[in-house]
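Owing to the predicted nature of the structure, the values given are computational and were not obtained by experimental measurement.
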Amino acid sequence: MPAPPAPVHHPVFARAFGRLAAAGERFGLAEVRGRLLADIAGRVLEVGAGSGTNFAHYPRAVSQVVAVEPEPHLRRLAEQAAERAPVPVSVVDGVAEALPAGDREFDTAVVTLVLCSVADQLGALRELHRVLRPGGRVVFWEHVRAERPPLTIVQDALDRTVWPLLSGGCHVGRDTVAAITAAGFAVERLERRRMPDTRIPLPMAPHVVGTARRR
């Protein structure tokens, strides 16, 4: 029997992330979240809810959100955000690799800036596949591996050294789209963006926004 995933505890990063997420809403990221979540409906599982920044953007067609967040400080912030949400939101403890949900329970899964930091990315995606009904969707926004060097070289160097330590386990060079496909999803929509769009590309700037259907 596999060992249970280790508890997630990043107290310094969690406090900084909560402030950065709030600032990002004021500087354009609210538009990204709003577009991403605009057409979802039914029962939703959000994995890695962070401070609950997505909650305000869920449309009325959503009947329930179960939001999983393993980091204690961020989970407390998410619980506060859930009280202000326009739809019912339940915040629960749990990790992406062992979701506290039964098979085929949800219509949609939401992951935003999460799959970069999970300990086992493919394992987390297989868990999403398990809890979604056949034909259910994953809605994702993630920063990912660049398409070519030299940025890929920089990303690999950061992932081997300081970046995961400084950023709550985040990795800037993961090929997340390939992992989504490998876990049994068919990508339906994919938009590549650079955020922030600076003159000199930053290692964490390549992003993908899109949807994938459970096969």
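Remark: the backbone N or O of Val114 is paired with a side-chain donor or acceptor of Ser117 at under 3.5 angstrom. Here the side chain of His73 pairs no donor or acceptor atom with the backbone of Glu71 at under 3.5 angstrom.
By the salt bridge (charged side-chain N to carboxylate O under 4.0 Å, His left out) test, Arg35 pairs with Glu31, Glu191, sequence neighbours left out. By the side chain to side chain contact (heavy atoms under 4.5 Å, CB included) test, Thr161 pairs with no residue at all, sequence neighbours left out. Listed by chain and residue number, Pro196, Thr198, Met204, Ala205 satisfy the side chain to side chain contact (heavy atoms under 4.5 Å, CB included) test with Leu202 (two or more places apart in sequence, or in another chain). Under the ring pair (Phe, Tyr, Trp, His ring centres under 6.0 Å) criterion, His143 pairs with His207, sequence neighbours left out. For Glu127, the salt bridge (charged side-chain N to carboxylate O under 4.0 Å, His left out) partners two or more places apart in sequence, or in a different chain, are Arg130.
Judged as a salt bridge (charged side-chain N to carboxylate O under 4.0 Å, His left out), the pairs with a partner in residues 76-93 (not counting sequence neighbours) are, in order, Arg75-Asp93. Listed by first and then second residue, the ring pair (Phe, Tyr, Trp, His ring centres under 6.0 Å) pairs involving residues 47-70 amount to none (not counting sequence neighbours). Residue pairs that meet the salt bridge (charged side-chain N to carboxylate O under 4.0 Å, His left out) test with at least one member in residues 150-164, sequence neighbours left out, are Arg145-Asp156. Each salt bridge (charged side-chain N to carboxylate O under 4.0 Å, His left out) pair with one or both residues in residues 39-64, not counting sequence neighbours, appears once here: Asp39-Arg137, Arg43-Glu105. A salt bridge (charged side-chain N to carboxylate O under 4.0 Å, His left out) check over residues 106-120, counting only residues at least two apart or in different chains, returns the pairs Asp107-Arg133. Applying the ring pair (Phe, Tyr, Trp, His ring centres under 6.0 Å) test to every pair with at least one member in residues 104-124, sequence neighbours left out, gives no pairs at all.
Cluster membership check: Val131 does not share its hydrophobic cluster with Val44, using side-chain heavy-atom separations under 4.5 Å among Ile, Leu, Val, Met, Phe, Trp and Tyr.
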Donor-acceptor list for residues 178-190 side chains, cut-off 3.5 Å, not counting sequence neighbours:
residue: Thr181; atom: OG1; partner: Val177; partner atom: O; Å: 3.3
residue: Glu188; atom: OE2; partner: Arg213; partner atom: NE; Å: 3.0
residue: Glu188; atom: OE2; partner: Arg213; partner atom: NH2; Å: 3.3

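Distance check, rounded to the nearest 0.5 Å: CG of Leu77 to OG1 of Thr53 gives 9.0 Å.
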